[in-house]
Protein chains: 2
Amino acid sequence: MVKVRIIDVAQKAGVSKSTVSQFLNKRYEFMSEETRKRIAQAIKELGFQPNAIARSLKMKKTNTVGVIVANILHPFSTAVSRGVEDYCQKHGYNVILCNADDNPNKERAYIHMLQMKQVDGIIIASTGANNELLKQEIDRGFPVVLFDRRFDDLETDMVYSDNRKGAYMAIEHLIQLGHKRIALVAPAGPLLSVRSERLEGYHEALKKYGIPADEHLIKFLSKTNTYTELESLWSMQNPPTAVFTINDLMAMEVLTYFKQKLVRIPEDIAMIGFDDFPTAHLLASPLTVVAQPTYDIGVRSAELLIKHIENEDKQSLKYVQHIFPCQLMIRESCGFRKKNGQS
Amino acid sequence: MVKVRIIDVAQKAGVSKSTVSQFLNKRYEFMSEETRKRIAQAIKELGFQPNAIARSLKMKKTNTVGVIVANILHPFSTAVSRGVEDYCQKHGYNVILCNADDNPNKERAYIHMLQMKQVDGIIIASTGANNELLKQEIDRGFPVVLFDRRFDDLETDMVYSDNRKGAYMAIEHLIQLGHKRIALVAPAGPLLSVRSERLEGYHEALKKYGIPADEHLIKFLSKTNTYTELESLWSMQNPPTAVFTINDLMAMEVLTYFKQKLVRIPEDIAMIGFDDFPTAHLLASPLTVVAQPTYDIGVRSAELLIKHIENEDKQSLKYVQHIFPCQLMIRESCGFRKKNGQS
DNA sequence: TAATCAAACTAAACCGATTTATAACCGTGA
DNA sequence: TCACGGTTATAAATCGGTTTAGTTTGATTA
């Protein structure tokens with residue numbers, strides 16, 4: 001594995017490596033036409049490709065950013081990371097994608113690894129458990145952008161959706177269709193902004209329409225209790241007539257359960273999900289969902305991060321919170337059909 | 001952004017940086033207990049994290065591998081990359097994921113970028129257009145593993161599925177259900193092994209059962225002609241009674257078309273897809289598919305690559321072709337129900 | 001007393017780029 | 001002939017680690 005180095009090019013072209021370096025960095029000003037051509041020729045003949053590692057060491061810049069997603073099983077995570085990648089690629093950055101798997105230890109290990117790899121910045125959907133570490137890095141001036149989950153103890157750029165409003169729209173839609181017993185299915189685990197805001201929207205809508213909240217209609221699913229919890233929900237003496245799932249993975253769990261139980265949507269129960277996913281419109285009952293602009297969340301996160309990285313005048317940059325609106329995509333899972341997904 | 005360097009640790013501990021380096025690399029043999037403790041203490045107090053870029057430069061090893069997928073829109077690509085990531089993470093490697101977007105120019109740019117970043121190896125679903133470049137790298141001893149698509153002009157490890165057999169099983173299944181007019185829907189573009197092998201399996205099954213092939217039943221879809229091609233297929237004077245889609249994206253296109261045309265599956269037409277995807281069983285008509293072990297394809301590719309990277313005795317390593325069997329997952333899209341997905 | 005040796009540690013070279021300070025060259029005007 | 005300035009090119013330092021060859025120290029041996 002012989003690699004061609006800048007010194008090889010220099011020798012071939014009969015100049016010093018400094019000159020070749022100038023050439024590579026397009027500082028042609030103090031270089032004769034003649035020299036320029038000889039270097040170009042030598043590079044071509046040798047198939048020289050500069051060593052980015054050496055360059056990074058000297059420049060203290062890797063043109064690489066780290067993305068840590070909470071759980072790659074969520075179509076949401078995939079979509080966001082796609083947005084990040086596209087934007088970064090266009091702007092000359094590479095992405096190392098890390099899946100924290102909802103595990104704070106994994107997350108911590110990834111943060112450390114990314115630091116050692118000298119990434120220029122990190123985009124993260126934090127689990128919240130390593131916020132002291134993140135805070136420390138942010139305070140040192142290391143660029144960090146948070147997405148999906150808002151944390152009030154961290155002072156940095158954040159990108160997320162208007163979850164309260166999104167959930168509110170969903171529940172309001174169900175109420176307007178005549179539903180009063182509306183279940184909510186969420187993942188178990190620490191109460192992060194996403195979940196609490198969507199729960200807030202749920203309660204707010206119920207309150208607005210004078211519907212009493214019934215805590216038995218709210219279920220938190222973990223890997224182990226999924227079946228029993230859904231079973232207890234569906235076999236209530238007074239079962240829900242509609243169900244709102246708080247994210248894409250929950251929607252899939254609930255749909256799988258209903259399919260197995262031969263429960264029909266929307267005949268037996270109405271359903272709205274949070275997060276649109278690629279096949280949501282092809283399901284047995286095309287799913288009405290609250291859609292987030294997932295791709296744009298990724299793009300915007302990347303944009304903010306790179307802006308932060310490339311702004312050397314650290315003082316002048318204010319932190320921004322970018323809140324995207326959600327959109328209710330009405331399909332057929334609530335029992336009637338409209339022309340368009342506009343709410 | 002002050003970074004702690006090895007020299008800072010050395011000064012704090014009152015030793016030379018060589019000794020700290022020895023410590024970091026766990027070469028304790030020639031180090032007194034006392035020194036060891038002092039260094040450990042200094043590292044802790046300073047929160048020192050070694051600079052992996054500097055280390056990589058000296059060691060000529062980045063512990064990073066590149067993965068280039070053909071098109072990240074395919075659930076197949078996502079699943080494979082997940083397998084790669086998991087295996088790599090367990091073995092101390094990081095992954096830079098690149099999406100070639102079925103575009104040879106993008107692919108070429110990514111290969112060059114990965115080389116410049118000095119990745120230790122590449123896992124790629126090649127478009128075929130840059131095989132000379134890949135061949136060059138392989139010849140130089142650079143570790144490359146191909147997946148999904150087989151290329152006979154490249155001598156390196158390959159991991160893919162038994163596509164011919166997979167398609168054969170699908171078509172045989174349809175024939176045994178009484179179908180004689182079976183359409184095949186594939187993506188347009190260069191004829192790669194995946195597509196040609198699946199076409200082979202299709203023809204082989206027809207031939208075996210004495211069914212004449214009708215070229216009008218075979219459609220190649222591009223971004224622009226999708227609707228018209230499917231329209232011409234469905235409005236034939238003698239339309240197909242079954243359709244076989246050659247990959248996950250084609251399945252989604254066809255399903256979307258049928259949904260729009262209110263064509264029912266399996267009542268109006270039977271359907272089998274290639275590649276299982278997360279919601280295939282939740283569709284209006286749960287889709288019968290030929291499943292590939294996507295995650296395992298990723299794991300195996302990573303395993304072969306890392307074995308190759310870590311084998312310094314280059315001579316002794318023979319190239320392997322790992323061919324995974326496919327599995328027919330029988331669901332409801334062909335008009336009858338069985339207990340199990342075994343073919 | 002001097003030579004020998006092992007243990008514990010270090011100076012300096014090196015990886016492959018970038019950059020700063022400096023040098024060589026050439027033509028012009030005094 | 002020499003000083004000067006502008007143009008073009010280079011030597012050497014640097015980034016933060018690893019590693020090799022070697023030094024220091026104190027104890028042991030001849």
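Every chain is numbered from 1 and lettered A, B, ... according to where its sequence line falls, protein lines coming before strand lines.
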*Using a strict 4.0 Å threshold on nitrogen-to-oxygen distance, state whether B:Glu85 and B:Arg82 make a salt bridge.*
no

_DNA chain D contacts among residues 37-59 of chain A, heavy-atom distance under 4.0 Å_ = A:Leu57, A:Lys58

_Checking A:Lys106 now: which residues fulfil salt bridge (charged side-chain N to carboxylate O under 4.0 Å, His left out) with it, not counting sequence neighbours?_
A:Asp101

*Base, sugar-phosphate, or nothing for A:Ser18, non-hydrogen atoms under 4.0 angstrom?*
base

*First and last nucleotide of DNA chain D in contact with chain A, 5' to 3', at under 4.0 Å to a heavy atom: what are they?*
D:dT8 to D:dG16

_At 4.0 Å (heavy atoms only), tell me whether A:Lys60 reaches a base, stays on the sugar-phosphate, or touches nothing._
sugar-phosphate

*From the 5' end of DNA chain C to its 3' end, which nucleotides mark the outer limits of contact with chain A, defined by a 4.0 Å heavy-atom distance cut-off (strictly under)?*
C:dG16 to C:dT19

*Is the Lys NZ or Arg CZ of A:Arg300 less than 6.0 Å from the centre of A:Phe324's six-membered ring, within 45° of the axis?*
no

_Check: B:Tyr28 ring centroid to B:Phe23 ring centroid under 6.0 Å_ = yes

*Name the one of A:Arg38, A:Lys37, A:Arg36 that satisfies side-chain hydrogen bond (donor to acceptor under 3.5 Å, both in side chains) with A:Glu34?*
A:Arg38

*Any luck finding a side-chain donor-acceptor pair between B:Asn51 and B:Lys3 under 3.5 Å?*
no

_Sequence-distant partners of B:Glu155, salt bridge (charged side-chain N to carboxylate O under 4.0 Å, His left out), two or more places apart_ = none

*Which pairs with one or both residues in residues 90-116 of chain B pass ring pair (Phe, Tyr, Trp, His ring centres under 6.0 Å), sequence neighbours excluded?*
B:Tyr87-B:His91

*Indicate, with a heavy-atom threshold strictly under 4.0 Å, whether B:Thr19 touches base, sugar-phosphate, or nothing.*
base

*Exercise: identify the closest heavy-atom pair between A:Thr62 and A:Val119*: OG1-CA, 3.6 Å

_Both A:Ile6 and A:Gln22 contact DNA chain C. Which one's nearest nucleotide lies toward the 5' end?_
A:Ile6

*asked:* I'd like to know if A:Lys135 and A:Asp139 make a salt bridge, using a cut-off of under 4.0 Å between side-chain N and carboxylate O.
replied: yes

